Chemist: 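Below is the structure I would like to discuss, written out as structure tokens.
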Amino acid sequence: MNAIKFLTQNEAIVMDQLLMGKKYAFSTDSLMELAGLSCASVIQHVYPTISKKVLTICGPGNNGGDGLVASRHLVQFGYDVNIYYPKRTDKELYHNLVTQCKHEGIEFLESMPTNDQLNNDYSLIIDSIFGYSFKGDIRSPFDTIINDSLNNIKIPIASIDMPSGWDVENGNIKNLFTPDLLISLAAPKLGSKSFKGKHYLGGRFLPKEFLKETNLTIPKYNGSNQFVDITNYQN
């Protein structure tokens, strides 16, 4: 496997700004759709048969939007998905994503299930709370969700782009939960180097010219696959 570039937080921010600028002309919703599809594809690959429901916990930003899109695709793949989205973003894009999910029959929960309910009623939690732009303290209501629930439940957790609450460059310095599955998007972030679980790369949307311009190295995707396994990669 060719060398993979792990991005600093600033590099990830600049990369997104470049992608959505005039030169490459991607929109937020197009990137989110491709990212969410790749996340759902990884989850279907890693957890092809599960007996209970999936719960997606969405944050207020783009990472939460990725989770909304992934949830919709998972329903298309045959999964029974609930969403907990406690702090919604009042923008048309996010309103549209919620509407799309509701038309798939996805139930939006009014409150966070108890740990017993999570362990008994669900087979998988999708963590799409915070992404590469997270920094600082974990604020309400996500501090309770992470500290009281994700840190203590027994069922698998799949995190999108970064485990929520981890430092994007320094990893799990707050001693929080470690997910069973991490799905990095576009390029892995520096803080994920210390992650020891199943690690996949998704978000297959970086143009060839963009890779040349940024000197960004990513592994080769096979055929039409939306993801590539980077679990055993050693820098």
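One-based numbering along the sequence shown. Fair warning: this is a prediction, and the values are worked out from it, not measured in the lab.
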Chemist: To the nearest 0.5 Å, how far apart are CG in Asn170 and CG in Leu190?
Modeler: 7.5 Å

Chemist: Please check this pair: side chain of Ser38 against backbone of Gly202, looking for a donor-acceptor N/O pair closer than 3.5 Å.
Modeler: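 Between the backbone of Gly202 and the side chain of Ser38 there is no qualifying donor-acceptor contact (under 3.5 Å).
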
Chemist: Give a yes or no on whether the backbone of Tyr132 and the side-chain of Gln9 come within a donor-acceptor separation of less than 3.5 Å.
Modeler: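 Side chain of Gln9 to backbone of Tyr132, a donor-acceptor pair under 3.5 Å: yes, one is there.
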
Chemist: Is there a side-chain contact between Leu19 and Pro207 (heavy atoms, below 4.5 Å)?
Modeler: yes

Chemist: Test side-chain contact (heavy atoms from CB on, under 4.5 Å) on Phe195 and Ser159; report intermediate values, then the result.
Modeler: CA-CA 11 Å; Phe195 176 69; Ser159 291; over 6 Å; no

Chemist: What's the separation between atom CG in Leu150 and atom CD1 in Ile157, rounded to the nearest 0.5 Å?
Modeler: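 Those atoms lie 4.5 Å apart.
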
Chemist: Within this structure, what is the NZ-CG distance for the pair Lys196 and Asn172, rounded to the nearest 0.5 Å?
Modeler: 12.5 Å

Chemist: Can you name the nearest heavy-atom pair linking Ile145 to Pro86, along with the distance?
Modeler: CD1-CG, 4.2 Å

Chemist: Could you check if a side-chain atom of Ser192 sits within less than 4.5 angstrom of a side-chain atom of Met162, using non-hydrogen atoms only?
Modeler: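 Yes, their side chains come closer than 4.5 Å.
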
Chemist: Supply the atom-to-atom distance Ser224 OG to Arg204 CZ, rounded to the nearest 0.5 angstrom.
Modeler: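 Answer rounded to 0.5 Å: 7.5 Å.
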
Chemist: Testing the basics here: between Pro219 and Ile230, what is the closest heavy-atom pair and its distance to 0.1 Å?
Modeler: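 Residues Pro219 and Ile230, closest heavy atoms: CG-CG2, 3.9 Å.
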
Chemist: Looking at every non-hydrogen atom in both residues, tell me the closest pair between Leu182 and Pro163 and how far apart they are.
Modeler: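 Where Leu182 meets Pro163 most closely, the heavy atoms are CD1-CD, 3.8 Å.
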
Chemist: Indicate the atoms forming the closest heavy-atom contact of Ala12 with Leu7, along with that distance.
Modeler: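 Closest pair (atom of Ala12, atom of Leu7, distance): CA-CD1, 4.0 Å.
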
Chemist: Side chains of Asn96 and Leu93: does their closest heavy-atom pair fall under 4.5 Å?
Modeler: no

Chemist: Does Asp161 reach the main-chain N or O of Ser184 with its side chain, forming a donor-acceptor pair under 3.5 Å?
Modeler: no

Chemist: Looking only at atom types and distance, does a side-chain atom of Trp166 sit under 3.5 Å from a main-chain N or O of Leu176, one as donor and one as acceptor?
Modeler: no

Chemist: Under 3.5 Å, is there a donor-acceptor pair between the side chain of Ser123 and the main chain of Lys53?
Modeler: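 Here the side-chain-to-backbone pair does not exist.
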
Chemist: According to the interplanar angle, ranging from 0 to 90°, do the rings of Phe130 and Phe134 count as parallel (below 30°), tilted (30 to 60°) or perpendicular (above 60°)?
Modeler: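 Parallel, since the angle between the ring planes stays under 30°.
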
Chemist: Determine, using the 4.5 Å side-chain heavy-atom cutoff (strictly less than), whether Met32 and Phe26 are members of one ILVMFWY cluster.
Modeler: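 As far as the 4.5 Å side-chain criterion goes, Phe26 and Met32 are not connected within one cluster.
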
Chemist: Name the residue from Thr89, Asp29, Thr99, Asn62 that meets the side chain to side chain donor-acceptor pair (under 3.5 Å) definition with Tyr94.
Modeler: Asn62

Chemist: Any non-hydrogen side-chain atom of Thr28 less than 4.5 Å from a side-chain atom of Met20?
Modeler: yes

Chemist: Output yes when a side-chain donor or acceptor of Asp127 lies under 3.5 Å from a complementary backbone atom of Ile129, and no otherwise.
Modeler: yes

Chemist: Val81 versus Ile126: any side-chain heavy-atom pair under 4.5 Å?
Modeler: no

Chemist: Same hydrophobic cluster for Leu37 and Phe205, using side-chain heavy-atom links shorter than 4.5 Å among ILVMFWY?
Modeler: no

Chemist: Run the salt-bridge test on Lys52 and Asp121 with the 4.0 Å N-O cut-off and return the result as yes or no.
Modeler: no

Chemist: Should the ring pair His45 and Tyr200 be called parallel, tilted or perpendicular, given that the plane angle runs from 0 to 90° and is split at 30 and 60?
Modeler: perpendicular

Chemist: Have Ser128 and Asp66 got a donor and an acceptor in their side chains that come within less than 3.5 Å?
Modeler: no

Chemist: With a 6.0 Å cut-off (strictly less than), is the heavy-atom count around NZ of Lys87, excluding the residue itself, greater than 12?
Modeler: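 Result for NZ/Lys87: open.
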
Chemist: Same cluster for Ile160 and Leu201 if Ile/Leu/Val/Met/Phe/Trp/Tyr side chains link at under 4.5 Å?
Modeler: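 As far as the 4.5 Å side-chain criterion goes, Leu201 and Ile160 are not connected within one cluster.
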
Chemist: Do Asp229 and Thr231 meet the criterion of a side-chain donor-acceptor pair at a distance under 3.5 Å?
Modeler: yes

Chemist: Evaluate the criterion side-chain contact (heavy atoms from CB on, under 4.5 Å) for residue pair Tyr47 and Leu181; output intermediate values, then yes/no.
Modeler: CA-CA 10 Å; Tyr47 304 104; Leu181 169 65; 3.9 Å; yes

Chemist: According to a hydrophobic-cluster definition based on side-chain heavy atoms being under 4.5 Å apart (Ile, Leu, Val, Met, Phe, Trp, Tyr only), do Tyr122 and Ile106 belong together?
Modeler: no

Chemist: If you compare all heavy atoms of Tyr85 against all heavy atoms of Gly59, which two are closest, and at what distance to 0.1 Å?
Modeler: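 Heavy atoms of Tyr85 and Gly59 come nearest at CE1-O, 3.3 Å.
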
Chemist: May I have the step-by-step check of side-chain hydrogen bond (donor to acceptor under 3.5 Å, both in side chains) for His199 and Asn232, ending in yes or no?
Modeler: CA-CA 8 Å; His199 194 180; Asn232 296 320; over 6 Å; no

Chemist: Let me see the working for Glu213 and Lys208 under salt bridge (charged side-chain N to carboxylate O under 4.0 Å, His left out), right down to the final yes or no.
Modeler: CA-CA 9 Å; Glu213 179 179 349; Lys208 292 180 179 179; over 6 Å; no

Chemist: Look only at the side chain of Asn225 and the backbone of Phe227, and say whether a donor-acceptor pair between them is shorter than 3.5 Å.
Modeler: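 A pair under 3.5 Å: no.
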
Chemist: Might you work through the side-chain contact (heavy atoms from CB on, under 4.5 Å) test for Leu211 and Ile218, ending with a clear yes or no?
Modeler: CA-CA 9 Å; Leu211 295 174; Ile218 58 173; 4.2 Å; yes

Chemist: Do Gln100 and Arg72 have side-chain atoms, one donor and one acceptor, less than 3.5 Å apart?
Modeler: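 Yes - a donor-acceptor pair under 3.5 Å links their side chains.
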
Chemist: Please round to the nearest 0.5 Å and tell me the distance separating atom CD1 of Ile125 and atom CD1 of Ile153.
Modeler: 4.5 Å

Chemist: According to the interplanar angle, ranging from 0 to 90°, do the rings of Tyr24 and Phe210 count as parallel (below 30°), tilted (30 to 60°) or perpendicular (above 60°)?
Modeler: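 Because their plane-to-plane angle is over 60°, the rings of Tyr24 and Phe210 count as perpendicular.
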
Chemist: Do Val98 and Val69 share a hydrophobic cluster (ILVMFWY, side-chain heavy atoms under 4.5 Å, transitive)?
Modeler: yes

Chemist: Is there a donor-acceptor contact under 3.5 Å linking the side chains of Ser27 and Ser30?
Modeler: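 Judged by distance alone, the side chains do pair up.
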
Chemist: With a 4.5 Å heavy-atom cut-off, do Lys220 and Val228 have their side chains touching?
Modeler: no

Chemist: What pair of heavy atoms forms the shortest contact from Asp143 to Ser140, and how long is it?
Modeler: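 Smallest heavy-atom distance, with atoms named: OD1-CA, 3.2 Å.
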
Chemist: Should Gln44 and Gln76 count as side-chain neighbours, where that means a heavy-atom distance under 4.5 Å?
Modeler: no

Chemist: So, Ser71 side chain and Gly67 main chain: donor-acceptor pair closer than 3.5 Å or not?
Modeler: yes

Chemist: Run the salt-bridge test on Lys189 and Glu11 with the 4.0 Å N-O cut-off and return the result as yes or no.
Modeler: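 Between Glu11 and Lys189 there is no salt bridge, as every charged N stays at least 4.0 Å from the carboxylate O atoms.
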
Chemist: Donor-acceptor pair, Asp180 side chain versus Gly197 backbone, under 3.5 Å?
Modeler: no

Chemist: Walk me through whether Thr56 and Tyr84 qualify under side-chain contact (heavy atoms from CB on, under 4.5 Å).
Modeler: CA-CA 6 Å; Thr56 304; Tyr84 183 48; over 6 Å; no

Chemist: Find the distance between CD (Glu107) and CD1 (Ile83) and round it off to the nearest 0.5 Å.
Modeler: 10.5 Å

